[in-house]
Chemist: 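Submitted below is the structure of interest, expressed as structure tokens.
Every chain is numbered from 1 and lettered A, B, ... according to where its sequence line falls, protein lines coming before strand lines.
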There are 2 protein chains.
Amino acid sequence: MKQPIKITITGAAGHIGYALVFRVASGEMFGSDQPLILRLLEVPSALSALNGVGMELEDGAFPLLYDVVLTDDPAIGFRETNYAILVGAKPRTKGMERKDLILDNAGIFAQQGRAINEHAAEDVRVLVVGNPANTNALIASANAPDIPITRFSAMTRLDHNRALGQLAKKTNTLVSHIQRMTVWGNHSLTQYPDIRHCRIQGKPALDWVTRDWAIDHFIPKIQRRGAAVIEARGLSSAASASAAIVDHMRDWVLGTPPKDWVSMAVHADGSYGIREGLFFSYPVICREGDYAIVQDLELDAFSKARLAASEQELQEERAMVERFLRP
Amino acid sequence: MKQPIKITITGAAGHIGYALVFRVASGEMFGSDQPLILRLLEVPSALSALNGVGMELEDGAFPLLYDVVLTDDPAIGFRETNYAILVGAKPRTKGMERKDLILDNAGIFAQQGRAINEHAAEDVRVLVVGNPANTNALIASANAPDIPITRFSAMTRLDHNRALGQLAKKTNTLVSHIQRMTVWGNHSLTQYPDIRHCRIQGKPALDWVTRDWAIDHFIPKIQRRGAAVIEARGLSSAASASAAIVDHMRDWVLGTPPKDWVSMAVHADGSYGIREGLFFSYPVICREGDYAIVQDLELDAFSKARLAASEQELQEERAMVERFLRP
């Protein structure tokens with residue numbers, strides 16, 4: 001049997017956390033032969049609920065789960081962790097300005113970046129889910145100067161999966177028939193789900209659907225999907241977000257499928273002309289815990305304008321949090 | 001690729017249902033090579049929330065999920081289904097007598113039994129989770145006279161898993177080190193979690209813990225675990241219940257591990273002197289969708305008294321619902 005790995009999940013008693021931890025404990029993220037230790041981190045006010053999550057993890061009798069640590073102390077939560085999944089974030093409340101939300105979360109992710117830098121294992125990999133995810137990943141990485149920036153990512157996999165789901169539905173195919181979906185940019189309304197490089201059963205997606213459908217129906221639907229789920233459920237997406245987290249981490253660590261890629265928000269290294277120093281969602285291919293941005297995809301004028309709009313938004317977010325970018 | 005199977009889940013928009021459907025969709029119940037069609041059944045008032053669950057299933061981009069049917073019509077929900085998982089039940093509300101709860105649910109499960117009898121596939125297997133689970137399974141089976149009674153079961157796997165978790169914790173072992181746990185009787189406060197036949201790392205459990213610990217601490221803790229989780233979380237067990245459902249169905253269909261058994265509430269056939277015509281939790285070994293009650297375990301006086309108390313309670317429940325037992 002392999003040695004157990006340590007996985008830290010923040011916000012573990014929240015809706016997404018509750019949908020996530022049991023799937024991780026059951027082995028869905030890293031496989032049924034990989035024992036694990038869960039370190040669940042919460043804010044002090046959620047410790048009672050977190051205790052309940054811990055009880056239910058005991059009650060799940062998961063063979064791979066060697067230990068569970070429940071804590072509100074980042075030094076304990078991130079100690080020697082191999083994978084840090086940062087789900088917890090301050091939600092936007094009524095009457096709150098977007099800028100206030102960004103600044104409140106900037107403080108949280110700066111602190112977590114420092115704690116990861118100090119306490120995590122040398123090989124730690126970090127996924128930021130809490131919003132604004134791209135900018136929070138930038139802040140966390142800036143506060144963890146000893147950790148290579150390529151070990152940080154932010155999640156656009158939920159958008160990617162939503163795009164697969166809607167394209168499969170429209171073309172009456174299965175998601176497994178679709179390859180090379182891309183979501184570019186910020187995990188926000190400026191994201192750009194791009195089907196121009198997709199293949200469905202080996203044929204270009206634009207042989208199956210029109211460009212007009214993509215622009216008039218598909219793109220806005222993916223961008224606004226979160227609000228539509230809240231409308232229907234009365235609660236935000238939790239199970240689908242946790243499914244995307246499982247997919248993101250599994251593919252990052254165990255590798256993307258052959259002839260396919262996935263979308264991850266990673267440090268912009270100049271690829272596709274995006275300013276260095278932002279976290280930007282790109283098509284990536286992963287092998288053994290490393291990602292490589294897919295290069296040389298052709299972008300038409302429409303695509304270029306979309307990427308530029310998302311880059312512009314990310315630059316504005318960056319400007320707001322500039323003072324959190326020095327550890 | 002195998003042909004897709006049809007799985008019906010009732011109460012799919014409730015807490016347990018929401019924790020369950022995504023694990024089923026991801027292939028955890030029947031394996032990563034088994035495509036499936038989900039039929040999600042809800043009461044009319046929950047159809048908007050169910051629609052949200054359906055949207056999130058699309059957004060999960062699950063490769064095995066070939067179709068999702070959302071309905072409040074049992075004729076559609078159970079049509080040609082291979083596996084019916086009956087989670088939805090009327091919860092006990094404040095000031096409600098236990099008898100009223102039992103009678104309200106009796107009507108629901110009688111109707112579902114008739115619908116399953118009429119619409120399900122010939123090979124259908126039914127798991128009842130909604131409480132009172134044992135008696136609801138009895139009612140559903142009585143209203144499905146064309147389906148062998150051995151295709152019905154009620155869930156005591158959550159109790160079984162809780163017992164594994166607590167015994168592992170006490171003995172500082174892993175749940176995978178423990179074999180032959182048994183939960184006898186009704187899924188209620190009269191259940192009897194029995195460690196007398198358990199082996200831990202190949203040695204009798206009673207070499208690891210005392211009989212006094214089992215009686216004074218272990219048994220009451222398992223019996224009252226549900227209330228303790230509610231106390232901590234402010235919500236009832238959902239993720240651990242869904243984990244137990246996955247385990248129950250997987251083991252029933254794909255088989256129990258070698259040299260081990262699991263607990264399932266099944267039709268009492270006279271084994272261990274329990275009156276025929278009740279659903280009673282026994283240790284069972286499963287192969288290819290059939291179960292066999294483990295025979296000839298020795299019961300001491302304490303155990304016999306516990307089984308008798310649970311049988312007595314089940315007889316009382318049966319007496320209350322007698323009029324629902326004729327289709």
Chemist: Does R233(A) come within less than 4.0 Å of E56(B), counting only side-chain N to carboxylate O?
Modeler: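 Salt bridge: yes.
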Chemist: Do you know which of L65(A), L57(A), V21(A), V175(A) has the most heavy-atom pairs under 4.5 Å to chain B?
Modeler: V175(A)
Chemist: Inspect the surroundings of CG in N172(B) and state if more than 12 heavy atoms from other residues, nucleotides or ligands are less than 6.0 Å away.
Modeler: no
Chemist: Looking at H177(B), I'd like to know if its NE2 atom is crowded, meaning that more than 12 non-hydrogen atoms belonging to other residues, nucleotides or ligands lie closer than 6.0 Å.
Modeler: yes
Chemist: Please report the shortest heavy-atom distance between D59(B) and N161(A), naming the atom on each side.
Modeler: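 Taking D59(B) first and N161(A) second, the nearest heavy atoms are O-CB, 3.1 Å.
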Chemist: Could you tell me which non-hydrogen atom of G60(A) sits nearest to which non-hydrogen atom of D247(B), and how far apart they are?
Modeler: O-OD2, 4.2 Å
Chemist: Before giving the answer on side-chain contact (heavy atoms from CB on, under 4.5 Å), spell out for R225(B) and M55(A) the whole-Å C-alpha distance, their side-chain angles and the decisive distance to 0.1 Å.
Modeler: CA-CA 9 Å; R225(B) 184 69 164 177; M55(A) 293 168 74; 3.3 Å; yes
Chemist: Quick one: CG on L174(A) to CG on L64(B), what's the gap to the nearest 0.5 Å?
Modeler: 10.0 Å
Chemist: Between CD of E28(A) and CZ of F22(B), what distance do you get to the nearest 0.5 Å?
Modeler: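 Those atoms lie 12.5 Å apart.
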Chemist: Between K170(A), K169(A), R162(A), which is the residue that forms a salt bridge (Lys or Arg N to Asp or Glu O under 4.0 Å) with E58(B)?
Modeler: K169(A)
Chemist: Shorter than 4.5 Å, heavy atoms on both sides: which option in A239(B), A49(B), A163(B) has the most such pairs with chain A?
Modeler: A239(B)
Chemist: I'd like to verify something: which residue of P63(B), G54(B), S176(B), S48(B) has the highest number of heavy-atom pairs under 4.5 Å with chain A?
Modeler: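 Option with the greatest count: S48(B).
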Chemist: Looking at chain A, which one of A244(B), S240(B), G52(B), S26(B) has the largest number of heavy-atom pairs inside 4.5 Å, strictly under?
Modeler: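 Of A244(B), S240(B), G52(B), S26(B), S240(B) has the most heavy-atom pairs under 4.5 Å with chain A.
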Chemist: Examine whether an atom of A238(A) lies under 4.5 Å from a heavy atom of chain B, and if so say whether it belongs to the side chain, the backbone or both; otherwise answer neither.
Modeler: both
Chemist: Against chain A, work out which of A243(B), S237(B), G234(B) has the most heavy-atom pairs shorter than 4.5 Å and name it.
Modeler: S237(B)
Chemist: Pick one of side chain, backbone, both or neither for A232(B), based on which atoms fall under 4.5 Å of a heavy atom in chain A.
Modeler: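 For A232(B), the contact with chain A is made by backbone and side chain together.
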Chemist: Has Q201(A) got more than 12 heavy atoms of other residues, nucleotides or ligands less than 6.0 Å from its CD?
Modeler: yes
Chemist: Name the region of A228(B), side chain, backbone, both or neither, that has any atom closer than 4.5 Å to a heavy atom of chain A.
Modeler: both
Chemist: If I compare all heavy atoms of R23(B) with all of F62(A), which pair ends up nearest, and what's the gap?
Modeler: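 Of all heavy-atom pairs spanning R23(B) and F62(A), the closest is NH2-CE2, 4.1 Å.
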